[in-house]
Amino acid sequence: MVELGLLSGTKSTKPVHVSFRIPYYTHWGQSLLVCGSEPVLGSWNLKKGLLLSPVHHGDELIWLGTVSVPKGFKCEYSYYVVDDNRNVLRWEMGEKRKVLLPEGIQDGEVVELHDLWQVGSDALPLKSAFKDVIFRRKLSLDIETPLGVIRSTLDQEDSVLVHFKISCPNIEEETSIYIIGNTLKLGQWNVQNGLKLSYSGGIFSPETGPNRDIALDSSNTQPRYIFLSDGMLREMPWRGAGVAIPMFSVRSEADLGVGEFLDLKLFVDWAAESGFHLVQLLPINDTSVHGMWWDSYPYSSLSVFALHPLYLRVQALSENIPEDIKLEIQKAKEQLDGKDVDYEATLSTKLSIAKKIFAQEKDLILNSSSFQKFFSENQDWLKPYAAFCFLRDFFETSDHSQWGRYSHFSKEKLEKLVSKDSLHYSIICFHYYIQFHLHVQLSEAADYARKKGVILKGDLPIGVDRNSVDTWVYPNLFRMNTSTGAPPDYFDKNGQNWGFPTYNWEEMSKDNYAWWRARLTQMAKYFTAYRIDHILGFFRIWELPEHAMTGLVGKFRPSIPLSQEELEKEGIWDFDRLSHPYILQEFLQDKFGASWTFIASNFLNEYQKNRYEFKEDCNTEKKIASKLKSFPERSLLQDEDKIRRELFDLVQNIVLIRDPENPRNFYPRFNLEDTPSFKDLDDHSKNVLKRLYYDYYFHRQENLWQQNALKTLPALLNSSDMLACGEDLGLIPSCVHPVMQELGLIGLRIQRMPSEPDLEFGIPSQYSYMTVCAPSCHDCSTLRAWWEEHEERRQRYFKNVVGSDMSPPARCVPDIAHFIIREHVESPSMWAIFPLQDLLVLKEEYTTRPATEETINDPTNPKHYWRYRVHVTVEALIKDKELVSTIKDLVSGSGRSHPGGQAERQASHKSAVATTEKQQIASSKDKVHLATPLNTVAHETLAVR
């Protein structure tokens with residue numbers, strides 16, 4: 001905040017002139033505007049804000065503007081990039097700026113505000129991950145300038161008062177802050193004689209980077225006051241390391257067949273001992289949609305607010321569990337202690353035991369002050385969730401369209417469902433009870449992690465299940481006739497279809513994305529960092545028709561389509577031919593051989609000689625699958641899976657996708673050049689469609705997608721102070737990384753999936769700072785499986801990355817794992833985060849299990865069973881001092897911060913001085929070199945002549 005005292009004195013006869021100055025590069029048609037809380041700056045109405053004017057100053061483009069205000073003026077303000085109609089294109093991240101005119105200012109004087117555009121990365125040290133966990137300190141510096149300071153420092157007419165401000169949140173209290181320079185006033189580069197900003201001390205630590213500059217001319221119109229905001233202190237980048245493990249994969253001596261929230265306390269102990277500042281989890285929300293193992297998929301939420309009962313520790317529900325229930329728990333522990341998670345048996349056992357304990361103590365818990373507080377703070381989502389669970393079990397389906405009069409949600413119906421007078425109120429309360437205990441247990445683990453200096457990082461899924469509480473309560477927020485997925489990529493050549501409805505962003509924007517903001521607020525109760533799943537979905541989503549099963553025949557939403565007029569101008573006319581499956585008799589003969597006539601007679605109609613179209617009852621992927629499953633003569637289908645794949649190939653054999661909402665708009669089918677339909681076209685049509693294809697996928701959408709992300713993502717980021725990371729794998733538009741950089745979003749780098757098209761393997765030493773790097777992730781094979789599954793690739797890696805011409809070992813031995821992990825911890829990335837399976841390869845005894853069994857997810861299989869459990873308990877890992885020491889040596893040897901490490905010891909010194917270099921030109925003759933300091937938001941004034 002720019003504040004140098006309060007107004008005193010007589011009423012002004014001339015206004016004070018406040019001048020804004022900020023360097024910022026814009027594109028053609030863009031301008032900078034300052035808008036603030038007072039009417040002179042528009043009262044936060046951008047249409048009435050102050051439009052700035054550009055001036056070239058050397059290599060910089062400086063934006064300037066002036067307003068006249070009375071003495072005593074104060075307000076908040078921010079800068080915005082706008083178009084010619086003052087529509088917002090971009091705005092600053094971080095907190096609002098504040099200005100308060102100094103005491104003693106004279107009539108007609110000029111106050112100049114020198115600002116720097118605030119990007120998201122500037123605020124990273126203020127995120128809860130760093131503020132509350134890594135550095136764990138509360139700064140309480142008094143940054144008010146004593147009254148009368150300015151009055152006494154501007155006695156001479158040719159003096160200019162410069163007020164320095166710099167944000168530096170990563171230091172201890174009672175730390176010295178000095179400005180030093182080459183003049184006597186600034187100590188002649190002697191720290192002890194410099195301009196002191198706060199409590200003095202003793203360690204000198206200079207800022208990195210080039211000199212900072214400020215220039216004043218000698219004209220009579222120069223300002224008497226300059227408020228210089230220099231952004232963030234340029235320190236050596238902080239780097240840390242972490243470990244990733246799904247909650248369900250953790251194994252402990254106390255769990256019932258699956259990892260539980262309270263296991264995180266032990267896991268945090270192991271992580272901290274091993275040098276890790278972060279534990280990353282997969283989503284932990286309730287996914288109980290189908291009542292079977294399909295619900296093991298953690299990204300398909302029944303509720304984006306409710307926690308999963310799977311992770312409940314039933315032993316912790318009460319201190320007075322009867323002996324018979326204790327015996328039941330012990331028996332269940334033995335039965336469920338398998339190699340993998342038995343999702344159905346584990347969940348049903350836990351709920352059965354919990355119901356017995358609930359019957360014993362429900363009145364005690366439900367009447368407790370802690371429960372009442374929880375209910376009061378969470379009832380907006382808790383009551384709909386409990387009602388949904390009751391109706392799901394009553395109707396034996398989560399498909400709320402099958403619930404009769406309850407199909408359509410209303411608050412009146414909800415209140416009746418959860419009424420204390422209802423016959424099923426005890427069932428409703430049971431769901432309250434489970435969520436309360438999950439909250440208590442996860443909160444206990446989260447608080448423990450914070451005290452140990454370990455960040456808990458959550459996961460924000462891109463979608464919700466079609467049959468979820470959220471789609472029931474807020475159907476207007478979803479496009480229920482569509483499905484979400486991803487186009488063909490590294491994971492799957494046919495693309496992915498996740499089955500979630502896409503979002504109605506237009507509707508969500510009407511209340512400033514309140515549903516998203518509520519999600520993030522809820523997550524922040526437990527996590528201090530989070531991963532945004534498929535962040536590309538906030539730029540554009542791969543939207544599929546609801547009747548699709550694969551992810552191939554989709555389009556991006558939003559996107560600019562190919563219009564019929566555009567295509568006709570290019571000589572493209574036969575839209576039915578291009579947008580319907582192109583099926584010739586020869587295709588059928590090639591695919592089905594002697595059985596082609598049988599397939600044709602049952603699935604196709606011959607509408608022209610040797611040309612076919614699908615029958616109405618099987619003209620989509622879902623219809624084909626349904627017909628095959630119910631086919632009366634299934635015994636005649638020798639290989640049903642092969643027939644389904646071949647029929648899918650035929651229905652996907654199109655070049656253009658017609659927009660179902662506007663039949664005059666079209667979208668090029670992904671990889672259209674690979675289709676037989678395209679290959680049968682004339683050369684002119686091929687050339688036109690290839691050019692339009694590349695324009696659609698790689699050029700024409702960039703501005704639209706950038707604007708879309710800059711509308712949606714800031715609403716998420718500003719709704720909590722968690723550290724945000726974005727999963728930016730796959731087909732990456734060129735607009736993505738600049739937006740992520742501006743918003744302070746940390747990207748993801750997986751070595752086997754390089755973002756550079758000319759590389760087979762990423763180069764960790766060349767990763768940018770604002771990234772998380774990892775050798776693998778939950779969506780691909782583990783490091784060990786990847787190494788052992790492909791001999792030729794293994795040899796290329798050994799030669800090109802390891803730098804050896806020798807034959808690589810067939811197994812991923814500890815030395816190989818050590819090399820790869822070291823490569824990652826030594827990278828410039830802010831975070832190096834390793835799946836636990838990859839770390840266990842550092843010790844031979846943990847590699848006895850087949851590597852393929854350690855894979856968490858197979859993205860090519862939409863019905864994959866998520867059930868991997870670590871084959872060693874957390875307790876055993878804690879006792880394995882050899883492994884702990886190996887990992888910690890890797891982390892500490894790379895210079896990364898680690899709990900109790902050198903980085904923390906340095907930060908705990910009671911005093912430090914950091915410097916930055918500045919040039920101060922006070923007049924046409926004098927030149928002063930300055931240095932500014934280190935602390936939360938430190939500032940001080942200096943009068944120069």
Side-chain angles (χ1 to χ4, degrees), residues 487-490 492-495 540 542-545 548 550-557 559-593 596 600 604-614 619-621 645-660 662-705 730-734 757-758:
D489 59 10
Y490 174 92
D492 194 337
K493 64 181 180 62
N494 290 314
R540 82 294 184 272
W542 187 245
E543 186 176 75
L544 301 150
T550 68
L552 189 59
V553 185
K555 60 182 175 63
F556 286 123
R557 182 177 184 87
S559 65
I560 302 168
L562 310 178
S563 69
Q564 185 166 321
E565 293 77 12
E566 180 182 5
L567 289 163
E568 287 173 345
K569 286 179 181 177
E570 297 280 2
I572 305 296
W573 303 91
D574 196 348
F575 299 109
D576 286 342
R577 152 74 175 82
L578 295 171
S579 62
H580 286 87
Y582 179 65
I583 306 171
L584 302 181
Q585 180 175 310
E586 63 190 78
F587 298 167
L588 301 178
Q589 291 170 334
D590 288 343
K591 287 181 177 294
F592 303 107
W596 81 267
L604 303 160
N605 293 321
E606 187 177 14
Y607 69 96
Q608 287 182 13
K609 185 174 177 57
N610 296 332
R611 291 199 173 189
Y612 293 81
E613 63 183 4
F614 278 97
N619 60 0
T620 69
E621 291 176 2
R645 288 196 302 270
E646 299 293 7
L647 288 172
F648 277 16
D649 280 348
L650 290 174
V651 81
Q652 295 163 354
N653 187 26
I654 59 176
V655 175
L656 297 176
I657 301 168
R658 192 186 292 267
D659 191 333
N662 185 344
R664 295 183 65 81
N665 286 339
F666 298 87
Y667 305 89
R669 187 261 211 205
F670 200 88
N671 287 343
L672 59 77
E673 291 181 59
D674 296 339
T675 65
S677 178
F678 179 87
K679 292 172 182 176
D680 264 12
L681 292 172
D682 61 89
D683 288 343
H684 170 74
S685 297
K686 286 180 180 178
N687 291 332
V688 168
L689 289 167
K690 278 197 291 188
R691 175 165 47 81
L692 292 175
Y693 173 91
Y694 284 99
D695 179 57
Y696 175 85
Y697 280 102
F698 302 108
H699 297 293
R700 71 166 64 189
Q701 319 296 347
E702 294 292 329
N703 287 336
L704 174 65
W705 291 344
L731 184 68
I732 309 296
S734 60
D758 57 332

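It should be emphasised that the depicted structure is a prediction, and the values quoted were computed from it without experimental measurement.
Residues passing the side chain to side chain donor-acceptor pair (under 3.5 Å) test with Q701: none are found, sequence neighbours excluded. Qualifying side-chain contact (heavy atoms from CB on, under 4.5 Å) partners for N671, counting only residues two or more places apart in sequence or in other chains: P488, R669, D674, Y693. Shown here are the side-chain contact (heavy atoms from CB on, under 4.5 Å) partners of E565, two or more places apart in sequence or in another chain: S563, R664. Taking R658 as the reference, D576 meet the salt bridge (Lys or Arg N to Asp or Glu O under 4.0 Å) condition, with sequence neighbours excluded. Residues forming a side chain to side chain donor-acceptor pair (under 3.5 Å) with N619 (at least two apart in sequence, or on another chain): K623. Applying the ring pair (Phe, Tyr, Trp, His ring centres under 6.0 Å) rule to F614 yields no partners; only residues at least two apart in sequence or on another chain are considered. For I732, the side-chain contact (heavy atoms from CB on, under 4.5 Å) partners at least two apart in sequence or on another chain are L536, D728, V736, H737. Judged as a salt bridge (Lys or Arg N to Asp or Glu O under 4.0 Å), and not counting sequence neighbours, the contacts of E543 are R479, K555, R557. By the side chain to side chain donor-acceptor pair (under 3.5 Å) test, Y612 pairs with no residue at all, sequence neighbours left out. For D680, there are no salt bridge (Lys or Arg N to Asp or Glu O under 4.0 Å) partners, not counting sequence neighbours. Residues satisfying the side chain to side chain donor-acceptor pair (under 3.5 Å) criterion with Q589, sequence neighbours excluded, are absent altogether.
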Hey, mind stepping through W596 and K591 against side chain to side chain contact (heavy atoms under 4.5 Å, CB included) and telling me if it holds? CA-CA 8 Å; W596 81 267; K591 287 181 177 294; over 6 Å; no
Give the intermediate values and the outcome of side chain to side chain donor-acceptor pair (under 3.5 Å) for residues E606 and Q585. CA-CA 9 Å; E606 187 177 14; Q585 180 175 310; over 6 Å; no
Decide yes or no on side chain to side chain contact (heavy atoms under 4.5 Å, CB included) for Y607 and I583, but give the supporting numbers first. CA-CA 10 Å; Y607 69 96; I583 306 171; over 6 Å; no
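A pairwise comparison of heavy atoms in L544 and W542 identifies CD2-NE1, 3.7 Å as the closest pair. Closest non-hydrogen pair, G571 versus H684, comes out as CA-NE2, 4.2 Å.
Checked by atom type and distance alone, the side chain of E621 pairs as donor or acceptor with a backbone atom of T550 at under 3.5 Å.
Among residue pairs with one or both ends in residues 691-705, those qualifying as salt bridge (Lys or Arg N to Asp or Glu O under 4.0 Å) are E566-R700, E570-R691, D695-R700; sequence neighbours excluded.
Of the residues W705, F698, Y667, the one that meets the ring-ring contact (aromatic ring centres under 6.0 Å, His included) test with F556 is W705.
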